[in-house]
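A quick write-up on the structure given underneath.
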Amino acid sequence: MEGRDRLGFPPRLSCEGSWPRTGPFCVPPHQVTCALCEMLSGPLCQEAVQELYPRLLVAVLCHLYWVIEQNVPQKMVVYSKEEIPGSKSKTFDPTSCALEVVKLVLLAAAYDGVVVYANKHHCWDLLSSPKSYYIGIMDLASGIVKNCEPSILHRILNHVRNLLYNVNIRQRILARTFYVQLLWHRSVAQTLGHDFLGNIIRWIKEPDLIMKEIGLRGISNLAVHPMHTEALKSLVPLLRGFLKNEARVTVQAVKSLRNIIYHGQEEDTKVVFCSISKQLRPLINDERDQVRISATSALGHMLHRVDKFKPGSSVRREIYTFLVPLLLSIQDDNAEVVKACAGALTEWTNVIGWSSLTQTFRHTTLSDHIQVLEETCKHLVHTGKMQLVGELLSQSFGFLKSSQSFLRAAAVTFIGLTAKRLNMNHIHENDVQLIWDALGSLKHDPVETVQSLVSAVLKKVDADAYSQPPCTSKLSRVSSILLKVPKKKMHLFKVVKREGDNENNQKKKIWAWVQGLPNSLHEWYNRRVESTPLVIGPGNRRLADTGAPKSKSPPEEAGLV
């Protein structure tokens, strides 16, 4: 028929070229939608849909995007149909009618599993808004990849590849979203003649945030296939730069790095982990929940993989730096955050060897997460590694300056529970003062709950640090007064030498030597006199024979007349 493509659909649904706004088929989008809904609801359409699938699916999804951009009032009824004969008719507004068309195409093509998947993952809600349309397409494409045969996936790939660089932004978004999601399937990722990585790298470098996210999703999907792992490792420096970006871009960058490490097959997987740890660590305490949950969950997967390669001391030092951020984040009241932290800490204990806490973290819930924190602080102190305790406390001091009141409070709690397990009376006074000064900076915090926590912890630190241990007997009290032997106190924090300290110490040593020189000469003289025999008379007869050697002094100085 003239004016229609060979499949019998108007050019509006061909998804090729620009969408016509003039001509014989320039009709309101909702009217096209109603006509499609009527046709696809018939019992005779299944064979035709299966013949046209998946091209028809891509076309109706393009049409859906066109409809939702029209901003038609949601209460505007454009179509109605009876679900069951004799029952009340179901009404549709333009958007719901266009969504119904997508569902009818999937059902007619005998892909009920895709519809079930879309219902479960709220795809229809996401597809109803221009802002979240591409996210809905990602999730819908995931359902298609998991429920359709490889032959259908390759047909979709061959169709959308022609639209990847289309001048129409709607078609580019749809085509690229399908393209990257198809890469999750191994048979697609192994397809020869496709420059998958080259396309994806170009997209993540585009200024548009949606294109960046789509490209990063492609890297994440390619990374699950070992054949692409080595090539993707070279992208790690580029991916690190996306960890400080808009939330969804950051989340996709985290997932890409997670998959590159988790599916790594070589020893250098540990090196890759260490190379991103500095950028990943702040995300554990990010103020955006979706970023925090994604980063924490990804850390757990990374640690699980790194443990397989038996990390050495340098890698373990990097892993230790994640403990404080996790212990602060686990104090959150968000159940998803607590769950992610518990999973990451479980893997952390496996790597470090704190096996006694593994099951504790594995079963942590929102109802007992503070008790779990207390058990962890207790175990930390009981390891006897005071330098480690000091390093973790020093790390927690940085969170006392956080703009997030939650993190300030969490840091105070961690310091308080750790100090509670330390015998502060045996800690060096300078270290106690450092703890006191760090906490004291929050005595006038704008948040009242933080002030209360600080006050309670400082009171406890003072009470423990400056209390005198009771003597058990009168003899021990007398001994402590008379002997006054000071007990050596432990240092938690490294003593940082200031510039010029070595020079000053050298000057002090020289001055002490000069001051002690007269005493040294006096002692030498006394020893000299004591070793000289005393003789009397002109004959120089010995008054006493001390066994000392004869003096080599001149005769006039040798004796007394």
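If you're wondering where the values come from, they're calculated on a predicted model, not measured in any experiment.
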Can a donor-acceptor pair be found between the side chains of Asn199 and Arg202 at a distance below 3.5 Å?
yes
In chain order, what residues pass the ring pair (Phe, Tyr, Trp, His ring centres under 6.0 Å) check against Phe406, with sequence neighbours excluded?
none
Verify salt bridge (Lys or Arg N to Asp or Glu O under 4.0 Å) between Arg362 and Glu347, making sure each step is shown before the conclusion.
CA-CA 9 Å; Arg362 182 169 287 138; Glu347 298 299 338; 5.7 Å; no
Would you say that more than 12 heavy atoms from the other residues, nucleotides or ligands in this model lie under 6.0 Å from the CH2 of Trp184, or not?
no
Does Asp289 come within less than 4.0 Å of Arg292, counting only side-chain N to carboxylate O?
yes
Partner of Thr177 under side-chain contact (heavy atoms from CB on, under 4.5 Å), picked from Leu182, Ile214, Ile210, is Ile214
All side-chain hydrogen bond (donor to acceptor under 3.5 Å, both in side chains) counterparts of Lys420, not counting sequence neighbours:
Glu374
Report the residues that fulfil salt bridge (charged side-chain N to carboxylate O under 4.0 Å, His left out) with Asp208, sequence neighbours left out, ordered by chain and then residue number.
none
Distance-only, no hydrogens or angles: does the His122 side chain make a donor-acceptor pair with backbone N or O of Ala118 under 3.5 Å?
no
Evaluate ring-ring contact (aromatic ring centres under 6.0 Å, His included) for Phe361 paired with Trp348, printing each intermediate quantity in order.
CA-CA 10 Å; Phe361 285 128; Trp348 190 93; 8.0 Å; no
Can you tell me if Thr250 and Asn245 form a side-chain donor-acceptor pair at under 3.5 Å?
no
Under the 3.5 angstrom rule, does the side chain of Ser129 hit a backbone N or O of Asp125 as a donor-acceptor pair?
no
Just wondering, are more than 12 heavy atoms of other shown residues or ligands nearer than 6.0 Å to CD in Glu336?
no
Answer yes when Lys385 and Glu391 have at least one side-chain N-carboxylate O distance shorter than 4.0 Å, and no when they do not.
no
Surrounding CD of Glu149 (heavy atoms of other residues, nucleotides or ligands, distance under 6.0 Å), is the total greater than 12?
yes
Looking at Asn285, is its backbone amide N or carbonyl O close enough to the side chain of Glu287 to form a donor-acceptor pair, meaning the two atoms are under 3.5 Å apart?
no
More than 12 foreign heavy atoms under 6.0 Å from CZ of Arg186: is that the case here?
no
Count the heavy atoms belonging to other residues, nucleotides or ligands that lie under 6.0 Å from CZ of Phe397, then report whether that count exceeds 12.
yes
Nearest-0.5 Å distance that lies between atom CG in Leu453 and atom CG in Asp445:
10.0 Å
Give me the ring orientation class for Trp203 and Tyr179: parallel if the planes are under 30° apart, tilted from 30 to 60°, perpendicular past 60°.
perpendicular
Output yes when Arg281 and Glu318 qualify as a salt bridge under the 4.0 Å nitrogen-oxygen rule, no when they do not.
yes
